[in-house]
Amino acid sequence: MMGLTHFALNSTAALWLQFPMQPPAASSIAGSVDRLYYFLTGVTAFFTVLIFSIIFYFMIKYRRRPGKPYEPETHTSLFLELSWTIIPSLICVVIFVWSSALFVRNNRPPANSREIFVIGKQWMWHVQHPEGPREIDALHVPVGENIKLTMTSQDVIHGFYIPAFRVKSDVLPGRYTSIWFKADRIGVYHLFCSQYCGTNHSEMIGWVYVMSPTDYAAWLAEGEQSESLAQQGARLFTQLGCDSCHGAAASGTGPSLAGIYGKPEKLADGTTRVVDDSFLRQAILTPSALHVTGYPQIMPTFTGQVDEQQVLQLIAYVKSLDAPERTNGQ
Amino acid sequence: MSTTATVESLPNSSAEPQVNYLNARYGVKSWLLTLDHKRIGLLYLCTITFMFVVGGIAATMMRLNLLEPQGALVEPETYNKLFSTHGIVMVFFFLVPSIPATLGNFLIPLMIGARDVAFPRLNLLSWYIFVTGCLVMLYVVCTGGVDTGWTFYPPYSSAYAHTDVFLAAMAIFIAGFSSILTGMNFVVTIHKMRAPGMTWFRLPLFIWSLYATSVIFVLGTPVIAITLLLLGVERLLHAGIFDPALGGDPLLFQHMFWFYSHPAVYIMILPSMGVISELITAFSRKRIFGYSFVAFSSLAIAVISFLVWGHHMFVSGQGVYAGLVFSVLSFLVAIPSAVKVFNWTATLYKGSISYEAPMLYALGFIGLFTIGGLTGLFLASLSTDVHLNGTYFVVAHFHYVMVGGAVMAFMGGIHFWWPKITGRLYPDLWARFAALVIFVGFNLTFFPQFVLGYLGMPRRYAMYPAEFQALNVLSSAGASVLAVGYVIPLVYLIWSLKYGQVVGPNPFGAKGLEWTTQSPPLTENYVKTPIVTEEAYAYENAPEPEVARV
Amino acid sequence: MSDAALAHGDNPTGFAHQFEDLEQQHDAGRMGMWIFLATEILFFGGMFTAYTVYRSLHPQAFLLGSHILEVKFGAINTAVLICSSFTMAMAIRSAQTGKRKGAIIGWLIPTMLLGATFLFLKFRFEWYHDYIEHTMPGFGFHYKPEWGAHAPQVQMFMCFYFFMTGLHALHMIVGIGILLVLTCMAARGRFTSQYYAPLEISGLYWHFVDIVWIFLFPLLYLIRY
């Protein structure tokens, strides 16, 4: 419904006559993606014009004339065949290398990224800032800072898409996907759901507000939630009784969680996994599938008791526990 | 001369109606129980034309709705059903069977000098199965429709959609068996039924392309069948096969779906490429340039097409390395298509080119397919695909390939072989006019969608931000031109059945065995089994066209 | 080449008009069946892939699931099907060597009976048992306490079990139908040492269905330790 108001605001007569040809470019990678896009457009235009002009030239030059005898002509040429196999192949190699290098670079979030959580559900985007503020169908970010979005869905597959940043990722139920960007231009940009998700798919849209750092700080400060995500998680941790096994003063039935985030953990099946968001999510929702060496497999599942939002709170809490606490606990 | 059948099969006089496959027997029963591949081809033609109209109506309503940002015509729920119906009907009930089941059925035995396909009963059975699939789909459309899109992604389709997903999936499942039977029939026919002297490298390229298509039919269709069956089971039992909360994996569906559905794209385009090879040679009266390269590129496309499905999933969370592999393979599949385009263009060189309607369609095909193919590079390339995936750019790209490519070739082929099918010529001026209208209308409709996609407009949106309106209105305007372009041939082709100019066996002076028998052909195709003594497209020995035009 | 070949429909020798000679017809039929089997391999292959993916995702649950199944019946059914393949091969052999029609029918009927035995065992002692025990998804599936947190995935295993064995059983039923037709044809003396293609082609199908079971049996029943 929020989207509709924006339609009303923007739907002026002037827009009717606008033929925009280029989306706004407002992230650090947008320029590099656009350069590749224009190179590809150039390649496409060159070959299209080439083929069209050859066809038109031949159509006129060799149009059928009455009484013209059949001209015996060569109908195969290995040289030509090889050249129009190899030249397009080389062009493809160039595009592949260029594009893949960019893709790999754009895929790896820098270490110092500010993390924001996104939950998609039919048909809204729920954004959760670690500092506490939540928003619906809107995302406020500071300009010039690396932002990493960790995203999941509560129901069907959605797609998180900010055209101005040239970033997109499907948002799946049951797992975390992430994208990162650095907005480099203050402004308001579209946020779309790019994966068909049901009746109001086209209304699962919103706005991304890129703000100056000071504006952003002010916005955070006036957020109605004074409690940070980790604090909410801490409350939940006690409420659900997690602390009786995993708490600092616990008996040791379960592993202590202090400082565990980012550390490798040995599993009973012989593999080792680094404790990350996905690991913790799985440990909360399907603990039976994650048997950590040295502990009995008695943890009950919390599927159905906590929603995606609360899982994020718990994860934020576990992350906030730092290592020194561990020595105290043991 | 390649055969001796020409003279013998000619009727003694044109005033006396000759016996042919159309008038050999009369009555509804003689059609519904026919084992003649030509009649079955026509049964298919009528069925898919009807389905094309159904899908076309859905498309028209979509384009009307998109005239205004808030949706000009229908509720979002209805819009979702419209694009799902359009996609399912056009892909599974029109494009997949379009050329193979109509022109393929009609022409394969004629082109290789056989009396019929290897298994005529299976051929008829495949039509009945197809009609059953169509009826189930039409039932779904009439009783509330389906709203999952033609891709049926779970968990939306398996657990959240309130429409008749199960029956829609079963309709496709059923129609799939008709594809499998057709593919089997074609492979065996091409292997075992060729006339004496018709070696593999004397086969028309249309046959090569249908051979490659049939391989995909046989090896790809069962995978979509099992995938949709799994979806149906999940829909009925809710056992969690695609539900992550119960341990299922929704991405497995996507992998299995695209394992078929990407090769399915080549089911649509390979036969079109075959048609184009026939048209280009016939109307430039020249041998095809690089016969073996064109032939083998069809097989290369068929094989590689099974290895590129993951390029539909670059942003679906399948992993960076999988993305890299699928990207490089997708570039690889582009090369044989480029080879074909260059060979067709080179075929025109020093030809004797006439601009008959089928040739206009063929030239239109080359142009549109070139754009469609090259824009595929944007989507095979990872970092541009991240931006363009799921937007109107993708919609524009595959319509350039499937409508600008497959449908243009289908129209061209129907016109080219119309005199062979019916014994009468289409009205030439109208046909050329319609070809131009379709070309212009098509570009008007779909070119703006490339821009819309780059701007970031997602597909499957019933409403959109206002700044996209101008381009959407342009696209809808183009669609109305395109619709007119499709209605004209429908009218004049039906008209020509009764009033078209009667022509002899070979109105265009084309090479190929099918032009050596009478038009329309006998039920048995040939009075005597032809013996082939020359390569395909030996236009140095071609007869003069009966209808001389410039 | 012969003009007689233009005659419509089948004549008593089983020769169809579109072919040049009986050998070409025989070749075409055999090739058609091989291609059909290629389709079938991809069909079952898709299913095996899905099963394998989930088995690797939920090894413990699938282990628990396979304990619901009784190896005894699986093993007996394997033996039954191998025997039926043998009798099928003998039926073809008797036609090939020009035996009387009694001999062909004498091998076809046991083949059908073995197929029916397989289905009877499967439905009466396995499926019906699962239904009674509430281990049939969609028909009052009950989570058993011993499965613990794995219960949903055990249900998924059973879902695959019924899906895969169900499709296999469907193929068996079609196969028995084909055998019935063949028996009628044999009774009318249609098969000679020159013309026995329908037998041979149906035999390919029958063996294929057996082979699918040879894969299903270990995948579903035997990977349990």
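In the text below, chain A, chain B and the rest are named by the order of the sequence lines, each starting its count at 1. Since the structure is predicted, the reported quantities are computational estimates derived from the model, not experimental observations.
- A 6.0 Å sphere centred on OH of C/Y131 holds no more than 12 heavy atoms belonging to other residues, nucleotides or ligands.
- A donor-acceptor distance shorter than 3.5 angstrom exists from the side chain of C/Y54 to the backbone of B/D249, with no hydrogens or angles considered.
- B/F217 does not touch chain C: none of its heavy atoms, backbone or side chain, sits under 4.5 Å away.
- No other option in C/P137, C/G138, C/A151 has as many heavy-atom pairs under 4.5 Å with chain B as C/P137.
- Residue-level contacts of residues 160-181 of chain C with chain B, in order of numbering, are C/F160, C/F163, C/L167; threshold 4.5 Å between heavy atoms.
- For B/P120, the parts sitting under 4.5 Å from any heavy atom of chain C are the backbone and the side chain alike.
- For a residue to count as touching a neighbouring chain, one of its non-hydrogen atoms must lie under 4.5 Å from one of that chain's; by this rule B/A114 does not touch chain C.
- Heavy atoms of B/H255 lying under 4.5 Å from chain C are absent altogether.
- At a 4.5 Å heavy-atom cutoff, B/V215 makes no contact with chain C through either its backbone or its side chain.
- Side-chain contact between C/Q25 and B/K192 is absent, with no heavy-atom pair separated by less than 4.5 Å.
- Taking C/K101 as the reference, nothing meets the salt bridge (Lys or Arg N to Asp or Glu O under 4.0 Å) condition, with sequence neighbours excluded.
- Under the ring pair (Phe, Tyr, Trp, His ring centres under 6.0 Å) criterion, C/H26 pairs with C/Y196, not counting sequence neighbours.
- When heavy atoms are compared at a cutoff of 4.5 Å, B/L230 approaches chain C by way of both its backbone and its side chain.
- A pairwise comparison of heavy atoms in C/M156 and B/G240 identifies CE-O, 3.2 Å as the closest pair.
- Taking a 6.0 Å sphere around OH of B/Y128, one finds it holds more than 12 heavy atoms contributed by other residues, nucleotides or ligands.
- Both the backbone and the side chain of B/V218 come within less than 4.5 Å of a heavy atom in chain C.
- Of the listed residues (B/V187, B/N185, B/L229), the greatest number of heavy-atom pairs within a distance under 4.5 Å of chain C belongs to B/L229.
- Within the 3.5 Å criterion, the main-chain N or O of B/R115 finds no donor-acceptor partner in the side chain of C/Q18.
- Using a 4.5 Å heavy-atom cut-off against chain B, the contacting residues of residues 31-47 of chain C are C/M31, C/G32, C/I35, C/F36, C/A38, C/T39, C/L42, C/F43, C/G46, C/M47.
- If you tally non-hydrogen atom pairs under 4.5 Å between each of B/L219, B/V223, B/V117 and chain C, the highest count goes to B/L219.
- With chain C as partner, the option from B/I226, B/L252, B/V233 having the largest number of non-hydrogen pairs under 4.5 angstrom is B/I226.
- By the 6.0 Å contact criterion, CZ on C/F139 is open, its count of non-hydrogen atoms from other residues, nucleotides or ligands being 12 or less.
- At a 4.5 Å heavy-atom cutoff, the contact between B/M184 and chain C is made by backbone and side-chain atoms alike.
- Interface check for chain C: of the options B/I241, B/L122, B/T189, B/T227, the most heavy-atom pairs under 4.5 Å are formed by B/I241.
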